[in-house]
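Contents: one structure, followed by commentary.
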Amino acid sequence: GQQLNQSPQSMFIQEGEDVSMNCTSSSIFNTWLWYKQDPGEGPVLLIALYKAGELTSNGRLTAQFGITRKDSFLNISASIPSDVGIYFCAGLFNAGGTSYGKLTFGQGTILTVHP
Amino acid sequence: EPEVTQTPSHQVTQMGQEVILRCVPISNHLYFYWYRQILGQKVEFLVSFYNNEISEKSEIFDDQFSVERPDGSNFTLKIRSTKLEDSAMYFCASKRQADQPQHFGDGTRLSIL
């Protein structure tokens with residue numbers, strides 16, 4: 001099956017620093033999604049990317065859909081304590097123009113922000 | 001903002017017992033999903049449901065699992081005879097259209113004793 005490799009596994013940063021994490025795959029995806037998960041809660045969508053090369057921002061978050069369709073990165077600028085959580089990338093492969101939406105998730109990046 | 005809601009938030013069940021996890025997807029959504037997350041691991045796809053039938057399922061979703069949309073609002077996951085390894089967070093997700101991202105509920109923590 002499709003596998004996503006997400007790195008780094010964890011990050012410890014100071015408030016105000018920028019953060020970068022990425023996902024790579026051996027196979028292509030049509031859609032890349034980035035979710036954040038807080039303890040005891042479900043994944044919350046941060047950014048959705050639909051086209052190769054697409055660069056999208058959501059406040060302090062910026063994500064890009066790699067040109068090869070096999071990778072994506074997420075940047076967080078000027079981190080704040082509430083950015084703490086687990087960040088997951090997820091890929092969707094749409095074969096033949098139809099998709100029921102099975103998402104393949106990365107292993108997650110645990111972000112800790114020290115005030 | 002509309003949300004996917006799941007009940008109960010925590011379910012404790014004896015091994016071998018049947019369990020039903022309940023979800024109320026966002027009201028105008030048409031595609032429904034169950035995912036599982038074992039403690040400390042990534043989220044794994046179980047099953048997708050569209051047009052009143054299963055559209056795709058993973059190898060995890062064996063004969064012990066079933067899903068149902070008994071009315072216009074609920075979407076349930078049943079595990080017939082639970083095993084210890086079924087202990088996990090179970091997330092329901094839904095979306096309106098094929099090209100839209102999925103929205104997740106807060107999950108049900110299933111603990112098998």
Side-chain angles (χ1 to χ4, degrees), chain A residues 1-10 21 23 25 29-51 54 56 58 61 63 65 72 74 85-110, chain B residues 1-10 21 23 25-26 29-61 67 88-109:
Chain A
Q2 293 170 316
Q3 298 277 341
L4 289 183
N5 294 311
Q6 185 172 347
S7 64
Q9 287 188 334
S10 61
M21 59 193 79
C23 273
S25 171
F29 287 98
N30 304 105
T31 300
W32 284 91
L33 305 168
W34 285 91
Y35 287 89
K36 181 185 179 215
Q37 185 179 28
D38 290 327
E41 298 183 12
V44 174
L45 180 69
L46 298 174
I47 291 182
L49 301 158
Y50 299 102
K51 281 176 56 176
E54 180 181 354
T56 297
N58 177 10
L61 278 59
F65 190 146
S72 177
L74 174 71
I86 305 177
Y87 291 79
F88 288 98
C89 62
L92 169 65
F93 179 67
N94 181 343
T98 63
S99 168
Y100 298 106
K102 167 190 168 184
L103 291 179
T104 301
F105 279 81
Q107 302 97 320
T109 295
I110 301 171
Chain B
E1 184 167 329
E3 292 181 339
V4 176
T5 56
Q6 291 185 243
T7 55
S9 57
H10 190 190
L21 308 182
C23 170
I26 296 173
H29 284 194
L30 301 175
Y31 297 80
F32 312 109
Y33 308 86
W34 284 100
Y35 291 82
R36 180 182 82 174
Q37 185 180 33
I38 294 171
L39 185 64
Q41 297 186 22
K42 65 180 180 181
V43 178
E44 300 174 289
F45 170 79
L46 292 178
V47 65
S48 59
F49 191 87
Y50 172 71
N51 203 25
N52 286 318
E53 62 183 14
I54 291 174
S55 45
E56 189 174 5
K57 58 185 180 181
S58 71
E59 60 274 11
I60 303 168
F61 195 89
V67 290
M89 283 288 287
Y90 287 81
F91 292 106
C92 174
S94 70
K95 66 181 184 182
R96 167 72 176 152
Q97 293 172 213
D99 60 352
Q100 292 180 342
Q102 297 167 32
H103 295 269
F104 285 76
D106 282 341
T108 293
R109 177 171 299 284

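Residue numbering restarts at 1 for every chain, and letters A, B, ... go by the order of the sequence lines. Just so you know, these numbers use all the heavy atoms, side chains as well, and skip hydrogens, waters and symmetry mates.
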| query | Are side-chain heavy atoms of A:Tyr50 and B:Pro101 found at a separation under 4.5 Å? | reply | yes

In this structure, NZ of B:Lys95 is separated from CG of A:Leu45 (nearest 0.5 Å) by 11.5 Å

Would the number of heavy atoms belonging to other residues, nucleotides or ligands and lying under 6.0 Å from CD of B:Gln97 be above 12?
yes

The interface call for A:Leu33 against chain B, heavy-atom contacts under 4.5 Å, is side chain

Ranking A:Gly40, A:Gly108, A:Gly42 by heavy-atom pairs under 4.5 Å to chain B gives rank one to A:Gly42

Turns out that what part of B:Gln6 lies under 4.5 Å from chain A's heavy atoms comes down to neither

Tightest non-hydrogen contact, residues B:Phe91 and A:Gln37, listed as CZ-NE2, 3.3 Å

On a heavy-atom basis, the closest approach of B:Phe104 and A:Pro43 is CB-O, 3.4 Å

Under 4.5 Å to a heavy atom of chain B? For A:Gln6 that would be neither

Taken to the nearest 0.5 Å, the spacing of A:Leu103 CG from B:Tyr35 OH works out to 3.5 Å

All heavy atoms of A:Lys102 vs all of B:Glu56, minimum pair found to be CD-OE2, 3.3 Å

Minimal heavy-atom distance between A:Gln107 and B:Lys42, with the atoms involved, is CA-CB, 3.9 Å

With sequence neighbours left out, the residues meeting ring pair (Phe, Tyr, Trp, His ring centres under 6.0 Å) with B:Phe49 are B:Phe75

Applying side chain to side chain contact (heavy atoms under 4.5 Å, CB included) to A:Asp38 and not counting sequence neighbours gives A:Lys36, A:Glu41

